[in-house]
Amino acid sequence: MTELTTESAPKKRILSMYQCTGVFTLGNFLGAIRNHVGFQDEYECIYALADLHAITVRQDPKKFRKYILESYAYLLAMGIDLEKTILFIQSQVPEHAQLSWILNCYTQFGELSRMTQFKDKSQKHADNVNAGLFTYPCLMAADILLYQADFVPVGADQKQHVELARNVAERFNGLYSPTFPVPQPLIPKHGARVMSLQDPSKKMSKSDENLNGTITMADDPDTILRKFKRAVTDSESQVRYAPGKDGVNNLMEIYASLTGKTMEEIEREFEGKGYGDFKPAVAQVVIDALVPIQKRFKELMEDPEYLEKCYTENAQKAHYLAQKTLSKVMKKIGYLPAKLH
Ligand code: ATP
Ligand code: LTN
């Protein structure tokens with residue numbers, strides 16, 4: 001009897017990383033992490049905390065250590081599944097720093113000078129415009145290229161960095177021989193950006209000084225309700241999705257994103273009611289989403305040995321993949337292999 005083989009194509013690989021300089025926000029969750037959780041069945045996913053990138057801005061060592069561990073636990077609590085996905089901490093995999101140096105030498109000063117994030121951040125931190133801030137995109141290119149990633153889900157602000165990684169990959173492939181797949185950015189559709197509750201023209205950010213504008217994953221139900229009640233809206237009181245109603249539009253998008261309802265359905269649901277009814281309703285769906293994540297986060301933080309086992313095993317898995325790429329790259333350049341073990 002002939003057997004039917006159902007050979008499926010190998011899964012495409014996704015890589016993304018997160019800053020760990022504070023507590024994740026509702027923006028990170030709805031705009032990025034929740035989607036990344038959803039990729040885990042269809043793609044081979046590799047995610048990491050970009051703690052090497054983080055020191056381009058000064059970090060307080062005590063807080064930084066806490067944020068790294070907590071961010072790792074939050075990612076697990078939000079649904080990153082270690083049965084399917086590799087989740088590691090960048091500084092624990094030495095190849096990132098190594099390949100980053102190499103890629104520095106294949107990236108032009110002019111290319112890095114055009115990066116808008118560099119221009120923004122050097123203005124914002126004028127007292128510390130360090131070389132790391134300038135070469136940040138080379139480290140990011142190393143992150144992506146070490147794992148031979150096909151797709152890189154990022155916010156629109158990171159698109160320019162992924163384009164630089166593509167250019168560096170093509171340049172290296174051209175100078176030597178095909179080494180890196182050329183990665184494609186995956187940018188969420190418009191509307192996936194959660195805006196500040198206090199200034200709806202700015203994205204909700206973990207580094208915002210105005211704490212009332214940001215919902216963090218750690219906020220308790222009372223805080224969430226209070227922040228939504230204070231959210232900036234407009235002088236009309238109709239729940240309506242329309243141009244110029246940025247504050248209300250943002251609340252509606254949060255509500256839509258958590259309930260799956262369309263804007264028309266939301267308008268109908270709150271017809272004849274004002275913001276006084278709408279705001280607590282948005283707060284409630286956010287509370288319902290965050291409470292189970294916070295519960296799981298607390299359980300994980302109560303088991304530091306388990307967390308250590310997870311990040312150690314995952315750094316080992318990442319290291320295995322990364323060193324394969326790095327040795328290929330070094331061999332092509334002409335370095336002699338080191339036999340240290
Ligand atoms: P900061 O808040 O300090 O500017 P960040 O939260 O933007 O940092 P990351 O933690 O690296 O930086 O972001 C992880 C992912 O979350 C990125 O893909 C980013 O585009 C996305 N993200 C961040 N803020 C928002 C937001 N307000 N709405 C939607 N997506 C967001
Ligand atoms: N620069 C990104 C974080 C980041 C990243 C990466 C994202 C570092 N390395 C590799 C995707 C792939 C940020 O600031 N959000």
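Order of appearance sets the numbers: ligands from 1, and atoms from 1 within every ligand.
Residue nearest to atom 3 (O) of ligand 1, selected from Ser257, Ala32, Ser207: Ser207 (by heavy-atom distance). Within the set Asn28, Asp208, Ile215, the minimum heavy-atom distance to atom 16 (O) of ligand 1 is found for Asn28.
Residue Ser16 has no nitrogen or oxygen atom sitting less than 3.5 Å from a nitrogen or oxygen atom of ligand 2, judged on distance alone. The shortest N/O to N/O separation between Gln19 and ligand 2 falls below 3.5 Å. In terms of polar-atom proximity, Gln158 is counted as a contact of ligand 2, with an N or O under 3.5 Å from an N or O of the ligand. An N or O contact shorter than 3.5 Å links Tyr136 to ligand 2 by distance.
In terms of protein heavy atoms, atom 18 (O) of ligand 1 is closest to Gly155 N, 3.4 Å. For atom 29 (C) of ligand 1, the closest non-hydrogen atom on the protein side is Ala192 O, 3.1 Å. Nearest protein heavy-atom contact of atom 10 (O) of ligand 1 is Lys206 NZ, 2.5 Å. For atom 30 (N) of ligand 1, the nearest protein heavy atom (residue, atom name, distance) is Gly27 O, 3.3 Å. Remark: minimum distance from atom 1 (P) of ligand 1 to any protein heavy atom is reached at Ser205 OG, 3.5 Å. Counting only heavy atoms of the protein, atom 24 (N) of ligand 1 lies nearest to Lys203 NZ, 3.5 Å.
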### Task
Before giving the answer on side-chain contact (heavy atoms from CB on, under 4.5 Å), spell out for Glu313 and Leu82 the whole-Å C-alpha distance, their side-chain angles and the decisive distance to 0.1 Å.
CA-CA 10 Å; Glu313 281 177 9; Leu82 299 180; over 6 Å; no
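For ligand 2, the atoms lying closer than 4.0 Å to a non-hydrogen atom of Val152 are 11 (C), 12 (C). Taking every heavy atom of Ala50 and a limit of under 4.0 angstrom, the matching atoms of ligand 2 come to 8 (C). With ligand atoms numbered from 1 in the order given, ligand 2 contributes 10 (C), 12 (C) to contacts under 4.0 Å with heavy atoms of Leu15. The ligand atoms of ligand 2 that sit less than 4.0 angstrom from a heavy atom of Asp143 are 6 (C), 8 (C), 9 (N), 10 (C). Applying the 4.0 Å criterion to heavy atoms of Arg193 picks out, from ligand 1, the atoms 28 (N), 29 (C). Close contacts of ligand 1 with Val194, meaning ligand atoms under 4.0 Å from a residue heavy atom, involve 26 (C), 27 (N), 28 (N), 29 (C).
Shown here for Met252 and Glu267, the closest heavy-atom pair between the two residues is CE-CG, 3.8 Å. Here the closest non-hydrogen pair linking Asp199 and Ser196 is N-OG, 3.0 Å.
In this structure, Tyr147 and His96 have tilted ring planes: the angle between them lies in the 30° to 60° band. Classified by interplanar angle (parallel below 30°, tilted 30° to 60°, perpendicular above 60°), the ring pair His161/Tyr136 is tilted.
Judged purely by distance below 3.5 Å, without hydrogens or angles, the side chains of Gln19 and His53 never pair a donor atom with an acceptor atom.
Here the rule is side chain to side chain contact (heavy atoms under 4.5 Å, CB included) with Arg193, and of Met204, Glu253, Lys203 only Lys203 fits it. For the side chain to side chain contact (heavy atoms under 4.5 Å, CB included) test with Tyr255, the passing option among Asn250, Val239, Val286, Ile266 is Ile266; the others fail.
Taking a cutoff of 4.0 Å between a charged side-chain nitrogen and a carboxylate oxygen, Arg171 and Glu111 qualify as a salt bridge.
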